[in-house]
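To keep things clear, I will list the structure first and then write my remarks on it.
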Amino acid sequence: DAGVIQSPRHEVTEMGQEVTLRCKPISGHNSLFWYRQTMMRGLELLIYFNNNVPIDDSGMPEDRFSAKMPNASFSTLKIQPSEPRDSAVYFCASSFGTSGVNEQFFGPGTRLTVL
Amino acid sequence: QQQVKQSPQSLIVQKGGISIINCAYENTAFDYFPWYQQFPGKGPALLIAIRPDVSEKKEGRFTISFNKSAKQFSLHIMDSQPGDSATYFCAARGDKIIFGKGTRLHILP
């Protein structure tokens, strides 16, 4: 298996632009997580899906952030409009089972820079 | 109650020494405590984990010590090597996994 796939690996954009991050989870996994990592705040859970349904989005910072999972093999995290404080590394992770309680396998991350 | 507090933020250890990272939690409903290791430019990966009915778990040079009454657990890396230089996250599992803020470990050659 190729593991969790994220794209793009790096994204540089200007303030106010829309940014879309993409994730393909490991085949057979039914839970998917989006995390944001910064030096100041560490690893923060933004949202997680189980069987393509959003279960907990309490970590989504504000309405500028949205996430979708249209099918079991694809998810997107969108920021519109982007701001410099959104600059971070965004990770997608997947696992098998409910409630996100099993080992999570992380993708390589997308480094986002908002100028 | 959902927090996992991790210390230190950063740690420098001589090659061959013992690296110790500590974590504390409040929620007694947590039932599984994994440690994740992250190398620069990579995502975190599961390193070792323990359940609260066990006081210690060892895998090679990595040992988790667990103190249920104190609600604390720690990662010990014996004979630390430069290849162990990474960021380490402790975590706790309740209805979801909560991560500590991470410890950046640097092993001096």
Side-chain angles (χ1 to χ4, degrees), chain A residues 1-10 21 23-26 29-50 53-60 88-112, chain B residues 1-11 21-25 27-53 57 59 62 64 75 85-106:
Chain A
D1 197 317
V4 175
I5 298 173
Q6 291 186 248
S7 65
R9 292 295 311 276
H10 302 273
L21 311 182
C23 176
K24 176 179 169 56
I26 292 173
H29 283 185
N30 61 350
S31 291
L32 183 140
F33 310 80
W34 283 101
Y35 289 90
R36 178 172 66 178
Q37 184 176 34
T38 61
M39 289 293 293
M40 290 296 295
R41 300 173 71 92
L43 195 62
E44 301 175 275
L45 176 65
L46 300 177
I47 185 171
Y48 84 88
F49 296 84
N50 183 249
V53 176
I55 302 300
D56 184 346
D57 65 354
S58 59
M60 295 287 263
V89 181
Y90 291 81
F91 288 102
C92 174
S94 71
S95 71
F96 178 75
T98 60
S99 303
V101 297
N102 295 319
E103 178 184 355
Q104 296 181 22
F105 294 82
F106 284 76
T110 294
R111 181 174 293 277
L112 174 64
Chain B
Q1 259 211 335
Q2 285 288 75
Q3 277 189 323
V4 176
K5 295 182 179 179
Q6 183 172 349
S7 63
Q9 275 190 310
S10 62
L11 181 62
I21 304 170
N22 300 299
C23 285
Y25 64 98
N27 189 347
T28 56
F30 289 145
D31 65 356
Y32 178 68
F33 300 86
W35 286 86
Y36 280 75
Q37 179 188 54
Q38 182 184 26
F39 292 107
K42 305 290 187 183
L46 181 65
L47 177 65
I48 185 173
I50 195 168
R51 297 187 185 275
D53 54 349
K57 182 172 183 180
E59 290 184 3
F62 299 89
I64 301 177
L75 176 69
S85 297
T87 298
Y88 292 81
F89 294 93
C90 63
R93 185 182 77 180
D95 56 354
K96 60 186 176 184
I97 292 182
I98 308 295
F99 285 88
K101 291 196 181 299
T103 296
R104 297 183 73 176
L105 173 65
H106 182 65

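Below, chains carry the letters A, B, ... as their sequence lines are ordered, and counting in each starts from 1.
Looking at R9(A), only its side chain comes within 4.5 Å of chain B, counting heavy atoms on both sides. At a 4.5 Å heavy-atom cutoff, P34(B) makes no contact with chain A through either its backbone or its side chain. Contacts between E44(A) and chain B at a heavy-atom distance below 4.5 Å are absent for every atom of the residue. For F91(A), the part lying near chain B is the side chain, with the backbone staying farther off; criterion is any non-hydrogen pair under 4.5 Å. Contact of Q6(B) with chain A is not made at all, since no heavy-atom distance falls under 4.5 Å.
Contact tally against chain A (heavy-atom pairs below 4.5 Å) for T87(B), D31(B), L46(B): the top residue is L46(B).
Atom OG in S95(A) sits 9.0 Å away from atom OH in Y48(A) (nearest 0.5 Å).
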Q. Can you check ring pair (Phe, Tyr, Trp, His ring centres under 6.0 Å) on Y25(B) and F33(B), steps first, answer last?
A. CA-CA 10 Å; Y25(B) 64 98; F33(B) 300 86; 4.8 Å; yes

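By the 30° and 60° cut-offs, the orientation of the rings of Y35(A) relative to F99(B) is perpendicular.
Side-chain contact of S7(B) with N22(B): a donor-acceptor pair under 3.5 Å is absent, judged by distance alone.
In this structure the side chain of N30(A) reaches within 4.5 angstrom of the side chain of F96(A), judged on heavy atoms.
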